[in-house]
Engineer: 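For reference, the structure I am asking about is given below.
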Amino acid sequence: MKKIGVLAMQGAFVEHIAALRRLGVEAVPIRLSGEFKGLSGLVIPGGESTTIGKLMRDYSLVDELKKLISKGFPVLGTCAGMILLAKEVQGLNQHTLGAVDIRVKRNAFGRQVDSFEIALDIPVLGCPPFPAVFIRAPWIEKVGDGVEVLASLPDGTPVAARQGNLLVTAFHPELTSDLRFHDYFLSIVNGNSKANADEA
Ligand code: GLN
């Protein structure tokens, strides 16, 4: 059985673990770099990107994770997780993992409408539209050449993208009972027989 780690520094890690377990995979919380061993993929959850980023540095996870990602290790980053995977971030005074060639803006939706839910058309998930929950979410301002936009808001703003084995969403798929986004991530993990944390 594939084992997926969920970074458990801060934020919505419990919900991701529950969603993955409902899909029948082994899902474990990760706090130390030694725990990457044996994983076939990792989720970086939503939460506070400044806090998660600081703890990742304090616990010396950054270099190890960058090395794994450079070898094709699959990672799903949701909300703050997307911020931490992005190459460029507006509104964050710290380094990210710099892995996905996108520029994102933190807290992009402003205060009045900083949380909302919308039925989002995500072609790779098929029908019906996906219930996307946005909580003080970032949005994607710019995508590089190797990045595929998977979903956009009705005004055209990209809110989910894929670059190779890296998947990012501005919204929180773990906060709904719809498991199709996690299932899509698992299809990337399953298609990636070679690169896992043991071979890096
Ligand atoms: N606003 C948060 C940040 O900038 C992200 C919010 C979330 O992950 N739900 O880190």
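Each ligand, and each atom within it, is numbered from 1 in the order the structure gives.
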Engineer: Is the shortest N/O to N/O distance between Thr50 and ligand 1 below 3.5 Å?
Structural biologist: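 N/O-N/O distance under 3.5 Å: no.
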Engineer: Indicate the ring-plane relationship of Phe73 and Phe36, choosing parallel, tilted or perpendicular according to the 30° and 60° boundaries.
Structural biologist: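 Perpendicular.
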Engineer: Could you check whether any side-chain N or O of Arg21 sits under 3.5 Å from a backbone N or O of Glu26, counting only pairs where one atom can act as donor and the other as acceptor?
Structural biologist: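 The answer is no, because no donor-acceptor pair under 3.5 Å joins these two groups.
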Engineer: Is there at least one pair of N or O atoms, one from Cys79 and one from ligand 1, spaced under 3.5 Å apart?
Structural biologist: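 Checking ligand 1 against Cys79, no N or O pair falls under 3.5 Å apart.
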Engineer: With Leu85 as reference, evaluate Leu76, Leu97, Val104 under the side-chain contact (heavy atoms from CB on, under 4.5 Å) test and give the passing residue.
Structural biologist: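 So the option named by the test is Leu97.
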Engineer: Checking a contact table here: which protein heavy atom is nearest atom 9 (N) of ligand 1, and how many Å away?
Structural biologist: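 Result: His172 NE2, 2.8 Å.
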Engineer: Check for a donor-acceptor pair, side chain of Arg180 on one end and backbone N or O of Leu125 on the other, with a separation under 3.5 Å.
Structural biologist: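 Yes: the side chain of Arg180 pairs with the backbone of Leu125.
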Engineer: May I ask you to check if ligand 1 and Ala137 share an N or O to N or O distance below 3.5 Å?
Structural biologist: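 Min N/O separation from ligand 1 is not below 3.5 Å for Ala137.
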Engineer: Between Lys54 and Asp58, does any NZ, NE, NH1 or NH2 come within less than 4.0 Å of an OD or OE carboxylate oxygen?
Structural biologist: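 A salt bridge links Asp58 with Lys54.
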Engineer: Inspect the surroundings of CG in Asp145 and state if more than 12 heavy atoms from other residues, nucleotides or ligands are less than 6.0 Å away.
Structural biologist: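 No - once you tally the heavy atoms of other residues, nucleotides and ligands closer than 6.0 Å, there are 12 at most.
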Engineer: Any atoms of ligand 1 less than 4.0 Å from a non-hydrogen atom of Ala80? List them with their elements.
Structural biologist: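 Atoms satisfying the 4.0 Å criterion: 8 (O), 10 (O).
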Engineer: Below 3.5 angstrom, do we get any N/O pair linking Gly47 and ligand 1?
Structural biologist: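 Between Gly47 and ligand 1 (N or O atoms, distance only) the closest approach is under 3.5 Å.
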Engineer: Taking 4.0 angstrom as the limit and counting only heavy atoms of Ile83, give me the atoms of ligand 1 inside it, by number and element.
Structural biologist: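 Checking each atom against Ile83, I get 3 (C), 4 (O), 10 (O).
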Engineer: Under a 4.0 Å heavy-atom limit, does Thr78 contact ligand 1 with its side chain, its backbone, both, or neither?
Structural biologist: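 No part of Thr78 comes within reach of ligand 1.
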Engineer: Taking only heavy atoms of Asn107, which atoms of ligand 1 are found under 4.0 Å from at least one of them?
Structural biologist: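 Numbered from 1, ligand 1 contributes 1 (N), 2 (C), 4 (O).
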Engineer: Give the single entry among Gly81, Ser49, Gly11 that approaches atom 10 (O) of ligand 1 most closely by any heavy atom.
Structural biologist: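 Selected option, by shortest heavy-atom distance: Ser49.
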Engineer: Nearest protein heavy-atom contact for atom 4 (O) of ligand 1: which residue, which atom, what distance?
Structural biologist: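 Protein heavy atom with the smallest distance to atom 4 (O) of ligand 1: Arg106 NE, 2.6 Å.
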Engineer: Do the side chains of Glu148 and Arg162 get close enough for a salt bridge, i.e. N-O under 4.0 angstrom?
Structural biologist: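 Between Arg162 and Glu148 there is no salt bridge, as every charged N stays at least 4.0 Å from the carboxylate O atoms.
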Engineer: Do Ile140 and Val147 have side chains that approach each other closer than 4.5 Å (heavy atoms only, starting at C-beta)?
Structural biologist: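 Sidechains of Val147 and Ile140: no contact.
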Engineer: Just which atoms of ligand 1 are under 4.0 Å from any heavy atom in Gly46?
Structural biologist: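 Listed by number with element: 8 (O).
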Engineer: Less than 3.5 Å apart, any donor N or O on the side chain of Thr176 or Asp178 sitting next to an acceptor on the other?
Structural biologist: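 Distance-only check fails for Thr176 and Asp178.
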Engineer: Is ligand 1 under 4.0 Å from a heavy atom in the side chain of Glu48, in the backbone, in both, or in neither?
Structural biologist: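 Both backbone and side chain.
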